[in-house]
Colleague: 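Here it is, the structure, as structure tokens.
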2 protein chains.
Amino acid sequence: MNSDLKQASSEKFRRLEAGCRASGLSLTHQRRALLHCLAQRSDHPTADQLYDELKSDVGGLSRTTVYRILDTFVRVGLVSKISSPQAKARFDADMGRHHHIVCEQCGKVADLFDSDFNLRGLPENNSSGFTVHNYEITFNGLCPLCQKIGKENES
Amino acid sequence: MNSDLKQASSEKFRRLEAGCRASGLSLTHQRRALLHCLAQRSDHPTADQLYDELKSDVGGLSRTTVYRILDTFVRVGLVSKISSPQAKARFDADMGRHHHIVCEQCGKVADLFDSDFNLRGLPENNSSGFTVHNYEITFNGLCPLCQKIGKENES
DNA sequence: ATTTCAGGTGGTACTTTATGTCAACTGGTT
DNA sequence: AACCAGTTGACATAAAGTACCACCTGAAAT
């Protein structure tokens, strides 16, 4: 079971690495390290969470670099910034169609894979004149932990 | 036309004021001023945008107060923080079901009133164990201005 | 294997966005 | 007009993100 997960995340890592190459980005230690984290985690970490996880492993890793690499990954479409009401960016390396649930209390974000909620189209001619490329559905509610305790945690 | 809008926003203001009273909040100058702004604007301002608009009108208004009042309004359900991939909170005083379109380039946020996109239910038993209370759909694309010019603006 | 250099990184400084604290003030009630 | 719980202003601080520039490195060419 655990080894299945390991398998799946290293498979995901290889795909991300390939995507990186395909976009003409050099595979630096720092980028590999970030791709590893992103492939393993499914909790949609913030830039600072990723930095905190990696700074001990990757000697001399700079916070600036983490922000910059994440920006690059988003720009080339390898990773996305997910929408939430929180005032910080969270990143997701799974570009397949899926949705997110945000805990109102502690801010945790979980995936929801359920194609029943997929939209069947996009708005074409809306009154605001925007062209629409894509969408995200953000559900909100309470995570299992916050359902039990009625008080605040940190994500 | 313009007076219709004025009419509509003052109507909205009165509803918000009533909601404030109903929640047992005192109607201070500062809260009224914020409700006014929120009733008039449909651009989903950030806390600092509201502060910048109000600080000249409301003598001695404090930035802290703006943040605190918005928090309170969200807590009592008078206003909502909308979901977007941007790392800052945007506020919306329209609590009716509608959707948002965010410009990928400049960050502007517009409303989309189109019930065709409303979901017909919420996820009940999802694998992550979250209870789900509500949802938001965030579309992304380009605003009319950014469609013309291919370069960056500030919202 | 060595050289080369465009692209990438580290470190520092800085801005923007948000929160914590507490004395002083005020809306609404008596 | 007096009271006081709730609210505010000012300041300090934290958290999140950006700008800048000298130096370094991945990977392509030789």
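Chain letters run A, B, ... following the sequence lines, proteins first and then strands; every chain starts at 1.
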Colleague: Tell me whether the rings of B:Phe139 and B:His99 are parallel (<30°), tilted (30 to 60°) or perpendicular (>60°).
Modeller: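 Aromatic pair B:Phe139/B:His99 classed perpendicular.
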Colleague: Between A:Phe117 and A:Arg97, is there a cation-pi geometry (under 6.0 Å to ring centre, at most 45° from the normal)?
Modeller: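 Here A:Arg97 fails the 6.0 Å and 45° test against A:Phe117.
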Colleague: For the residue pair A:Ser83 / A:Glu136, report whether a side-chain donor-acceptor contact shorter than 3.5 Å exists.
Modeller: yes
Colleague: Among D:dG17, D:dG26, D:dT8, find the nucleotide with the atom closest to the side chain of A:Thr28.
Modeller: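 Among D:dG17, D:dG26, D:dT8, the one nearest the side chain of A:Thr28 is D:dG26.
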Colleague: Output the single nucleotide from D:dG9, C:dG27, D:dG17 whose closest atom is nearest the side chain of B:Ala87.
Modeller: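 Nucleotide nearest to B:Ala87's side chain: D:dG17.
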Colleague: Rounded to the nearest angstrom, tell me the gap between atom CZ in B:Arg75 and atom P in D:dT7.
Modeller: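 Rounded to the whole Å, the gap is 8 Å.
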Colleague: Please list, in numerical order, the residues of residues 50-68 of chain B that have a heavy atom closer than 4.0 Å to any atom of DNA chain D.
Modeller: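 Only B:Gly60, B:Leu61, B:Ser62, B:Thr64, B:Thr65, B:Arg68 qualify.
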Colleague: Return the value, rounded to whole Å, for the distance between atom CG of A:Asp48 and atom P of D:dT18.
Modeller: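 In whole Å, D:dT18 P and A:Asp48 CG are 11 Å from each other.
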Colleague: How far apart are the closest heavy atoms of B:Asp111 and A:Ser128, and which atoms are they?
Modeller: O-OG, 4.4 Å
Colleague: Return the value, rounded to whole Å, for the distance between atom CD1 of B:Ile69 and atom P of D:dG9.
Modeller: 8 Å
Colleague: Closest-nucleotide mapping onto DNA chain C: is B:Leu27 or B:Ala47 further toward the 5' terminus? I mean the 5' end.
Modeller: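 Final value for this comparison: B:Ala47.
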Colleague: Return the value, rounded to whole Å, for the distance between atom CD of A:Gln30 and atom C1' of C:dG7.
Modeller: 12 Å
Colleague: Measure the distance from CG on B:Asp71 to P on D:dT8 and round it to the nearest whole Å.
Modeller: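 Between P of D:dT8 and CG of B:Asp71: 12 Å.
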Colleague: Give the nucleotide from the list C:dG10, C:dT17, D:dT7 with an atom nearest to the side chain of B:Lys88.
Modeller: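 The answer is C:dT17, which lies nearest to the side chain.
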Colleague: Calculate the interatomic distance between B:Arg32 atom CZ and C:dG27 atom C1'; express it in whole Å.
Modeller: 10 Å
Colleague: Please check this pair: side chain of A:Gln49 against backbone of A:Arg90, looking for a donor-acceptor N/O pair closer than 3.5 Å.
Modeller: no
Colleague: In this structure, how many angstroms lie between the C1' atom of D:dG26 and the CD atom of A:Glu17, rounded?
Modeller: 13 Å
Colleague: For residues 26-39 of chain B, which residue pairs pass the salt bridge (charged side-chain N to carboxylate O under 4.0 Å, His left out) check, not counting sequence neighbours?
Modeller: B:Glu17-B:Arg32
Colleague: Taking B:Gln105 for the side chain and B:Cys146 for the main chain, is one N or O donor matched with an acceptor at less than 3.5 Å?
Modeller: no
Colleague: Without decimals, in angstroms, what is the distance between B:Leu70 CG and D:dT7 P?
Modeller: 15 Å
Colleague: Is any side-chain nitrogen or oxygen of B:His29 closer than 4.0 Å to OP1 or OP2 of C:dG27?
Modeller: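 So the side-chain polar atoms of B:His29 do come within 4.0 Å of the phosphate oxygens OP1 or OP2 of C:dG27, strictly under.
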Colleague: Ignoring the backbone of B:Arg31, work out which of D:dG17, D:dT8, C:dA18 is nearest its side chain.
Modeller: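 Shortest atom-to-atom distance from the side chain points to D:dT8.
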